[in-house]
Protein chains: 2
Amino acid sequence: MSSEQSRKLTIYDLAKLANSSPSTVSAVLNGTWQRRRISRKLAKRILELAEREGYSTNMQARALRRDRSGILGMILPLYDNRYFSSIAQVFEAEARRRGIFTIVSCTNRDPAQEREAARMMLAYRVEHLICTGATDPDAIAEMCGAAGIASLNLDLPGTAAPSVISANREGARRLTDALLDRLEARRADAARVLFIGGRAEDHNTRERIEGFRQARERRGLATAPTDIVTCDYAAEKAQAALEAYVGREGRLPAAMFVNSTISLEGIVRWLRLGGHDVNDIIMGCFDWDPLAAAFHPRLIMMRQDVPTMIARLFDWIDVPPEDPASRLEVMPEIVGDPAQVRVAG
Amino acid sequence: MSSEQSRKLTIYDLAKLANSSPSTVSAVLNGTWQRRRISRKLAKRILELAEREGYSTNMQARALRRDRSGILGMILPLYDNRYFSSIAQVFEAEARRRGIFTIVSCTNRDPAQEREAARMMLAYRVEHLICTGATDPDAIAEMCGAAGIASLNLDLPGTAAPSVISANREGARRLTDALLDRLEARRADAARVLFIGGRAEDHNTRERIEGFRQARERRGLATAPTDIVTCDYAAEKAQAALEAYVGREGRLPAAMFVNSTISLEGIVRWLRLGGHDVNDIIMGCFDWDPLAAAFHPRLIMMRQDVPTMIARLFDWIDVPPEDPASRLEVMPEIVGDPAQVRVAG
DNA sequence: AATAGTTGCACAACCGATTGCGCATTCATA
DNA sequence: TATGAATGCGCAATCGGTTGTGCAACTATT
């Protein structure tokens with residue numbers, strides 16, 4: 001609050017001002033002064049001085065000496081949907097609550113960018129690295145392992161580090177059940193249900209497909225390969241895939257299991273452009289977006305339980321699981337389908 | 001790639017392995033070896049050794065010695081809309097392209113959190129601090145000034161640091177023009193246009209209101225205080241505000257200028273819950289969301305030009321403006337209104 | 001062959017905090 | 001009045017890079 005020194009104030013400056021020593025100032029400022037038997041009086045004087053002079057600890061120096069950065073790193077595919085942005089926000093909020101600093105980096109679902117981001121995070125000596133939705137989590141876990149840094153997977157599981165993920169199969173089963181219930185209520189053809197979006201090679205998509213298949217099987221419905229279109233997540237891809245599907249089948253599907261809000265964007269756009277009423281198709285989306293809910297109240301969505309997922313993640317940060325390949329599934333919540341409330345239990 | 005040492009490899013280790021000295025290894029690894037006249041042969045040998053042993057520079061040590069962290073900091077209100085998430089992504093991508101590391105922190109439009117985040121960023125000795133949509137940018141600029149760190153404002157302007165913002169007034173004028181054009185085409189009552197959302201105390205909202213007012217004035221339309229409802233951004237607030245407005249006026253507005261996608265969410269939800277057709281009201285939104293566009297093709301949106309804004313920001317990071325209170329306005333683009341294409345020029 | 005310039009590298013002092021250790025006082029006890 | 005313990009604090013080494021400076025060895029010049 002006082003002088004606008006361009007050289008930042010250090011503990012050495014404070015020590016001089018307080019007629020004390022750097023080690024004492026350090027102990028006072030980092031809270032270890034009681035253990036070091038610094039008198040309360042002196043501690044108080046130094047704290048006031050630091051406050052008055054606007055001292056701020058040089059975290060680089062502290063990190064270097066302590067060999068701990070006090071930073072938690074996270075890599076993330078993107079920020080631009082509610083699921084990932086909420087992951088970033090909740091993660092940051094929880095870390096802040098614990099006085100830990102966070103660094104988040106978007107890697108655009110690109111393995112090369114993932115590796116590069118991980119390399120930087122390791123150079124900054126993050127204490128843990130959270131890999132969210134990583135395309136190649138094991139590669140990163142291996143890098144972290146070599147550097148002696150713990151890594152954790154979120155959203156997509158790996159085999160080389162503990163993973164917190166959504167209960168994709170069970171969630172998909174419930175979402176599919178909700179779609180089928182609606183179809184029955186409408187007396188529509190339950191055969192024409194389309195699963196669209198996602199990547200055939202990613203774990204979540206495979207699990208959701210399996211849940212989709214199982215839910216149908218339990219009602220005696222077969223699932224043909226053409227019922228499933230894993231066209232990647234992008235809106236344009238979903239749009240083109242739906243167009244192709246409709247061209248092939250000659251008509252719209254009766255219901256759709258849309259594998260992300262970004263795919264939903266393409267689907268809805270294509271339907272509107274083609275003059276279709278979105279309400280004519282029963283739609284479920286495995287992800288949640290309140291704006292979509294506002295526009296389309298009959299849309300059924302699976303909202304992944306981000307707060308719980310992050311909480312479990314921090315549990316493992318606090319106490320690493322014995323098994324490095326531990327996998328924890330967190331149940332997502334169905335939204336927008338009142339009829340489902342009893343079924344979900 | 002070799003041993004899984006738990007102690008991280010340092011330049012001292014490499015120096016021993018290479019029969020060289022730490023200073024030489026350092027120069028080789030940080031690229032200053034030519035200036036230090038290290039032979040190409042030795043440099044090559046050391047680089048290969050470092051690669052083989054999986055060396056990674058301890059950035060804390062480097063930052064401490066250089067007195068520069070190589071980190072760019074940004075504070076942001078939220079990630080969860082397309083505007084802010086895109087700011088974070090584009091900012092990070094551009095920084096990455098330049099080999100600079102970034103730290104982004106969400107501060108929930110809360111001045112206390114803003115200050116706390118800034119304090120942490122300064123403790124980590126970020127080289128610049130970008131304050132995006134800060135409620136109190138000048139307070140942060142002052143903190144940065146005292147620490148001898150340059151700060152820049154984005155989205156919301158301040159008086160104590162250079163600011164890159166959207167051309168809110170002109171953008172609002174154009175958006176309002178588009179609404180009024182549609183109203184005329186529909187021969188609807190141009191008096192019943194509602195401006196809704198935002199904060200009366202924030203600069204952007206004030207500017208947009210002024211643009212709104214001017215556009216109407218130019219067509220001979222007066223703007224009453226009741227035509228403007230700055231109920232904050234939250235969906236629930238917008239929902240409640242619209243309900244109150246309709247209760248007061250006895251009918252829906254003919255058109256609405258919605259001041260953010262988050263407010264739009266509340267508006268649309270209220271309309272759907274009340275059984276209204278969103279197409280009955282001519283709507284413009286000052287912000288852009290592709291999912292909203294997909295659901296509501298007649299919605300007119302102002303898409304803020306994030307890439308240009310970030311580019312200008314980096315221009316000022318490279319070459320600080322002479323005037324610390326410089327302000328640069330970047331024109332947003334109107335989306336979803338084909339008729340506007342010629343008017344926009 | 002003596003001198004000057006160049007090449008190639010190592011020494012050692014930092015950067016700012018942390019922390020094991022030790023030394024002077026003061027206090028309690030015998 | 002000695003003696004042991006407790007109190008209060010400072011010294012100095014250390015974390016891992018960076019960088020000004022200096023010194024050999026070698027090359028070019030006269």
Side-chain angles (χ1 to χ4, degrees), chain A residues 5-47 50 53-71 122-125 127 147-148, chain B residues 5-47 50 53-71 122-125 127 147-148:
Chain A
Q5 71 286 329
S6 68
R7 266 293 128 265
K8 288 278 305 184
L9 214 64
T10 71
I11 52 169
Y12 297 90
D13 303 321
L14 289 181
K16 257 175 217 134
L17 290 173
N19 277 323
S20 175
S21 77
S23 58
T24 300
V25 173
S26 170
V28 168
L29 294 175
N30 66 33
T32 60
W33 57 276
Q34 319 229 31
R35 207 180 324 139
R36 292 184 135 272
R37 297 191 311 239
I38 310 295
S39 68
R40 181 172 302 278
K41 204 176 110 215
L42 180 55
K44 185 153 169 291
R45 192 154 56 82
I46 289 178
L47 281 172
E53 299 291 329
Y55 170 82
S56 111
T57 306
N58 183 326
M59 298 306 256
Q60 321 288 355
R62 166 175 292 177
L64 174 59
R65 182 56 237 244
R66 285 201 181 153
D67 202 24
R68 305 191 300 107
S69 61
I71 301 178
L122 292 177
Y124 277 96
R125 301 296 189 268
E127 300 188 14
Chain B
Q5 69 286 326
S6 69
R7 266 288 132 267
K8 288 281 300 185
L9 214 63
T10 71
I11 53 170
Y12 297 90
D13 303 321
L14 288 181
K16 257 173 217 134
L17 290 172
N19 278 321
S20 177
S21 76
S23 58
T24 300
V25 172
S26 170
V28 168
L29 293 175
N30 68 31
T32 60
W33 57 276
Q34 320 232 32
R35 207 180 323 138
R36 291 187 138 263
R37 296 189 313 238
I38 310 295
S39 67
R40 181 172 303 276
K41 205 175 108 215
L42 178 57
K44 186 155 166 291
R45 192 155 57 83
I46 290 178
L47 280 173
E53 299 290 329
Y55 171 82
S56 112
T57 305
N58 183 326
M59 298 307 255
Q60 322 287 354
R62 167 175 291 178
L64 174 59
R65 182 56 238 236
R66 284 202 180 150
D67 202 23
R68 306 191 297 107
S69 62
I71 300 177
L122 292 176
Y124 278 96
R125 302 297 190 263
E127 300 190 12

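Order of the sequence lines sets the chain letters (A, B, ...), proteins ahead of strands, with each chain counted from 1. All values derive from a computational prediction rather than experimental measurement.
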Engineer: For A:S26, which contact category applies under a 4.0 Å heavy-atom criterion: base, sugar-phosphate, or nothing?
Structural biologist: base
Engineer: Does B:L29 reach a base, just sugar-phosphate, or nothing at all? Heavy atoms under 4.0 Å.
Structural biologist: nothing
Engineer: Would you say the base of D:dT14 and the side-chain of A:R65 have a donor-acceptor pair closer than 3.5 Å?
Structural biologist: yes
Engineer: What pairs with A:T32 under side chain to side chain contact (heavy atoms under 4.5 Å, CB included), at least two apart in sequence or on another chain?
Structural biologist: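 Expected list: A:A27, A:N30, A:R35, A:R36.
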Engineer: Once side chain to side chain donor-acceptor pair (under 3.5 Å) is applied, do any residues pair with A:T57, and if so which ones, sequence neighbours excluded?
Structural biologist: none
Engineer: State which of D:dG10, C:dT18, D:dG17 makes the closest approach to the side chain of B:A61.
Structural biologist: D:dG17
Engineer: Counting only side-chain nitrogens and oxygens, does A:Y55 get under 4.0 Å of the OP1 or OP2 atom of C:dA17?
Structural biologist: yes
Engineer: Over the length of the helix from C:dA1-D:dT30 to C:dA30-D:dT1, how much do the five-pair end axes diverge, rounded to 10 degrees?
Structural biologist: 50°
Engineer: When we call it a touch if two heavy atoms are under 4.0 Å apart, what does B:T32 touch: a base, just sugar-phosphate, or nothing?
Structural biologist: nothing
Engineer: In a table with atom names and distances, give each donor-acceptor pair under 3.5 Å that connects a side chain of residues 16-24 of chain B to protein atoms at least two apart or in another chain.
Structural biologist:
| from | atom 1 | to | atom 2 | distance (Å) |
| --- | --- | --- | --- | --- |
| B:S21 | OG | B:S23 | OG | 3.1 |
| B:S21 | OG | B:T24 | N | 3.3 |
| B:S21 | OG | B:T24 | OG1 | 3.1 |

Engineer: Output a table of nitrogen or oxygen pairs between the protein and nucleotides 20-26 of chain D separated by less than 3.5 Å.
Structural biologist:
| from | atom 1 | to | atom 2 | distance (Å) |
| --- | --- | --- | --- | --- |
| D:dG20 | N7 | B:R36 | NH2 | 2.8 |
| D:dG20 | O6 | B:R36 | NH1 | 3.4 |
| D:dG20 | O6 | B:R36 | NH2 | 2.9 |

Engineer: Write down the distance between NZ (A:K8) and P (C:dC15), rounded to a whole number of angstrom.
Structural biologist: 16 Å
Engineer: With sequence neighbours excluded, tell me which residues meet side chain to side chain contact (heavy atoms under 4.5 Å, CB included) with B:Q34.
Structural biologist: B:R40
